Engineer: 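Take a look at this one; I'll ask things after.
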Amino acid sequence: MAQLPGMSVTCKGSTRGPSSDGAESAAPPEAEVSCQEIVERLHRAEQALRESEERFRACTQTTFDAIAIHDDELVLFANDELARMFGYTLEEITCKHSLDWLVPASATLARQSVLDASEETYEAIGRRKDGTTFPVELRGKSIVYQGRRVRVTTLADITERERNLDTAERRAAELEAVTGIMLDPVLVVDAVDWVTLANRAALRLFGIEQASEAPRDPGAVLDSMQLRHLDGRPVKREEMPIVRALGGETVCGEWGMVRLPGMASSLYIQRSAAPIFDRNGDVRGAVWVARDVTGCMKLDQLKEEFVRIAAHELETPVAVMKGHAQLLLRRAPADLSSRSRSALEAINRGADRIDRIVQDLLDISQLQAGTLELVHEQVDLPALVREVARRFAADGRTHVIRLHIEGEATVSADRQRLESVIYSVLDNAFRFSAPGSEVDVEVIANGREACVCIQDRGVGIPRAMQARIFERFYRAHTDTPHDYGGMGVGLFIARAIIEAHGGAMWFGSEEGRGSRFCFRLPMGGVEGR
């Protein structure tokens with residue numbers, strides 16, 4: 001009977017044996033029971049060993065890692081994944097030398113790991129049966145197996161990981177190259193608000209010579225710049241575009257001022273920021289881009305100053321020309337020829353047009369400088385709309401104005417400027433719709449605010465042009481058959497005036513079917529604004 005390691009078997013007697021007189025005698029009952037227990041224990045041990053081997057094989061064959069048990073010479077055990085990884089069958093690989101699946105240089109490295117009984121992870125180059133190579137990651141551990149010291153090694157194919165690392169490194173190099181040649185400062189922060197990238201333009205803006213000297217905290221960098229709004233108010237930390245971007249907001253083209261240490265004057269910058277999302281849609285960081293627009297701002301200021309001076313210089317001669325033209329028309333003799341009268345009327349109309357242009361230029365100058373003055377008074381809005389509509393009807397225009405007034409509406413407003421808004425919108429409706437067509441004008445009051453809408457049935461505004469319709473000097477129909485001239489400032493000024501009164505202006509349009517412009521004002525207005 002085989003003896004299990006670590007177990008000694010001692011029987012009190014045998015089942016059969018000679019007596020002192022040479023006759024066989026029966027063994028005591030307790031001896032027979034004791035041997036039966038030993039046999040049962042052996043069976044249980046063998047069963048446990050088989051189950052253990054089955055569990056071991058199940059674990060090794062279902063794992064995603066390749067596993068080998070080997071000594072200095074041969075592979076003693078290999079799982080299916082190891083055979084598949086290297087292109088062998090299990091029979092083939094268990095007959096190979098333990099290091100034949102590695103290229104020579106890597107085999108030397110693996111042999112040294114075995115000699116040192118190292119358990120550190122290391123990388124090597126594997127060699128398949130067909131001779132192709134690929135990167136693998138190995139980790140080994142020395143154990144006792146079947147009574148001798150062996151090595152258990154796990155291997156993982158890291159081809160995809162290496163490919164991803166190569167891609168990531170290439171993209172990082174491309175990003176560094178692109179941001180490095182950009183003239184605009186670029187700052188990238190991670191999810192915990194630490195700077196991970198600052199290009200050379202950013203370092204110059206912050207007055208930093210080396211990237212290693214850049215603070216990790218973007219707040220410290222931005223605080224040193226003394227960021228301010230255009231009106232001079234300090235920018236709070238929660239207002240900073242990069243902080244808002246970390247909250248998921250995209251910020252585009254905000255203007256501001258900075259004053260760097262050692263600088264006598266401020267710079268104007270335009271800032272944008274956007275969040276960086278991971279595949280799950282979570283914010284993993286943010287990117288901040290700035291542009292030095294000091295030159296553009298100074299040029300704009302020069303243009304605004306030129307417009308202001310030119311408008312003021314034109315005011316007096318235009319007033320003189322208009323006054324003399326009107327005087328001549330009033331004092332003209334009855335026998336004045338029609339040709340002479342037409343000439344005087346043309347001079348008067350031209351003077352009116354120049355006067356409106358001059359007034360627009362002055363309004364633009366004041367709007368840009370934030371000095372637009374409003375003279376508030378109580379204005380009966382429906383009455384003002386009727387008056388402007390009658391003026392258009394008396395001007396010989398053939399359009400049909402359909403008035404619809406619902407409720408009474410008195411607003412606190414600058415009457416002259418509010419009149420110019422209604423005139424400008426109604427003039428556009430007439431110019432961009434066919435003669436004889438209908439123009440609807442509505443005034444609706446609901447007790448808290450009054451709304452004015454002007455609807456034409458004209459050419460409409462192309463969808464591609466609608467986003468810029470309220471921009472200064474923008475004309476949607478430039479170089480088209482519907483280009484009727486003008487400076488493209490009427491709607492810009494109109495909306496600015498309405499907003500200065502605490503209201504809002506909007507529109508809807510469909511090309512070929514007309515446009516509808518509306519504005520609303522609070523009842524009572526915002527006197528003193």
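Since the model is a prediction, treat every value here as computed from it, not as a measurement.
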Engineer: Answer yes or no: is there a donor N or O on one side and an acceptor on the other, between the side chain of Ser106 and the main chain of Ile125, under 3.5 Å?
Structural biologist: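 Yes; at least one donor-acceptor contact below 3.5 Å.
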Engineer: Between Leu102 and Leu109, is any pair of side-chain heavy atoms under 4.5 Å apart?
Structural biologist: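 No; the side chains remain at least 4.5 Å from each other.
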Engineer: Below 4.5 Å, heavy atoms only, C-beta onward: do Val150 and Ile143 meet side chain to side chain?
Structural biologist: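 In contact.
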Engineer: Determine which pairs satisfy side-chain hydrogen bond (donor to acceptor under 3.5 Å, both in side chains) with at least one residue from residues 270-286, sequence neighbours left out, and list them in order.
Structural biologist: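 Checked against side-chain hydrogen bond (donor to acceptor under 3.5 Å, both in side chains) - neighbours excluded - no pair reaches residues 270-286.
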Engineer: Return the set of residues passing side-chain contact (heavy atoms from CB on, under 4.5 Å) with Arg513 (not counting sequence neighbours), or none when no residue passes.
Structural biologist: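 For Arg513 the side-chain contact (heavy atoms from CB on, under 4.5 Å) partners, ignoring immediate neighbours, are Glu510.
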Engineer: Listing request: all salt bridge (charged side-chain N to carboxylate O under 4.0 Å, His left out) pairs with a residue in residues 147-159, at least two apart in sequence or in separate chains.
Structural biologist: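 Pairs touching residues 147-159 that pass the test: Asp71-Arg148.
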Engineer: Find out whether Val235 and Met240 are in side-chain contact, i.e. whether some heavy atom of one side chain is under 4.5 Å from a heavy atom of the other.
Structural biologist: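 In short, these two side chains touch, coming nearer than 4.5 Å.
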Engineer: What pairs meet the salt bridge (charged side-chain N to carboxylate O under 4.0 Å, His left out) rule with one or both residues in residues 457-466, with sequence neighbours excluded?
Structural biologist: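 Pairs touching residues 457-466 that pass the test: Asp440-Arg457.
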Engineer: Near Leu115 CG, under 6.0 Å, is it more than 12 heavy atoms from other residues, nucleotides or ligands?
Structural biologist: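 Atom CG in Leu115 is packed in, count exceeds 12.
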Engineer: Is any side-chain heavy atom of Trp101 closer than 4.5 Å to a side-chain heavy atom of Val136?
Structural biologist: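 Answer no - side chains too far apart.
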Engineer: Taking side-chain contact (heavy atoms from CB on, under 4.5 Å) as the definition, give me every residue that meets it alongside Ala83, ordered by chain and number, with sequence neighbours left out.
Structural biologist: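 Ala83 satisfies side-chain contact (heavy atoms from CB on, under 4.5 Å) with Leu90 once adjacent residues are dropped.
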Engineer: What pair of heavy atoms forms the shortest contact from Val283 to Ala245, and how long is it?
Structural biologist: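 That would be CG1-O, 4.3 Å.
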Engineer: Under the side-chain hydrogen bond (donor to acceptor under 3.5 Å, both in side chains) rule, what pairs show up with a residue in residues 170-185, not counting sequence neighbours?
Structural biologist: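 As it turns out, the side-chain hydrogen bond (donor to acceptor under 3.5 Å, both in side chains) pairs with a partner in residues 170-185, which skip direct neighbours, are Asp184-Arg291.
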Engineer: OG1 of Thr154 to CG of Asn79: how many Å apart, nearest 0.5 Å?
Structural biologist: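 Answer for the OG1-CG pair, Thr154 versus Asn79, is 10.0 Å.
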Engineer: Hey, what do you get for CD (Glu442) to CZ (Arg516), rounding to the nearest 0.5 Å?
Structural biologist: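 Spacing of CD (Glu442) from CZ (Arg516) equals 4.5 Å.
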Engineer: Indicate yes or no: at least one non-hydrogen side-chain atom of Tyr268 is less than 4.5 angstrom from one of Leu230.
Structural biologist: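 Yes - at least one pair of side-chain heavy atoms lies under 4.5 Å apart.
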Engineer: How would you list, by chain and number, every residue that makes a side-chain contact (heavy atoms from CB on, under 4.5 Å) with Ser509, sequence neighbours excluded?
Structural biologist: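 Testing Ser509 for side-chain contact (heavy atoms from CB on, under 4.5 Å), a comparison that skips the adjacent residues, returns Ile461, Gln466, Phe507, Ser515.
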Engineer: For Arg495, give me all partners under side-chain contact (heavy atoms from CB on, under 4.5 Å), at least two apart in sequence or on another chain.
Structural biologist: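 Testing Arg495 for side-chain contact (heavy atoms from CB on, under 4.5 Å), a comparison that skips the adjacent residues, returns Phe470, Glu499, Met505.
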Engineer: Could you measure the distance from the CD1 atom of Ile158 to the CG atom of Asn164? Nearest 0.5 Å is fine.
Structural biologist: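 The CG atom of Asn164 is 11.5 Å from CD1 of Ile158, to the nearest 0.5 Å.
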Engineer: Give, for atom CD1 of Ile269 and atom CG of Leu227, the distance between the pair rounded to the nearest 0.5 Å.
Structural biologist: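 Rounded to the nearest 0.5 Å, the CD1-CG separation comes to 5.5 Å.
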Engineer: Rounded to the nearest 0.5 Å, what separates atom CD1 in Ile498 from atom CD1 in Ile493?
Structural biologist: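 One gets 12.5 Å once the value is rounded to the nearest 0.5 Å.
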Engineer: Can you list every pair that meets side-chain hydrogen bond (donor to acceptor under 3.5 Å, both in side chains) and has a residue in residues 242-252, with sequence neighbours left out?
Structural biologist: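 Residue pairs with at least one partner in residues 242-252: Arg244-Glu249, Arg244-Glu254.
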Engineer: Side chains of Leu197 and Leu175, heavy atoms from C-beta outward: is any pair under 4.5 Å?
Structural biologist: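 The answer is yes; the side chains approach within 4.5 Å.
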Engineer: Would you please name every residue forming a ring pair (Phe, Tyr, Trp, His ring centres under 6.0 Å) with Phe134, sequence neighbours left out?
Structural biologist: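 Partners of Phe134 under the ring pair (Phe, Tyr, Trp, His ring centres under 6.0 Å) test: Phe86.
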Engineer: With sequence neighbours left out, which residue pairs that include part of residues 116-128 fulfil the salt bridge (charged side-chain N to carboxylate O under 4.0 Å, His left out) condition?
Structural biologist: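 The answer is Glu123-Arg161.
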Engineer: Just jot down the disulfide (SG to SG under 2.5 Å) partners of Cys451, sequence neighbours excluded, or say none.
Structural biologist: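 Cys451: no disulfide (SG to SG under 2.5 Å) contacts found.
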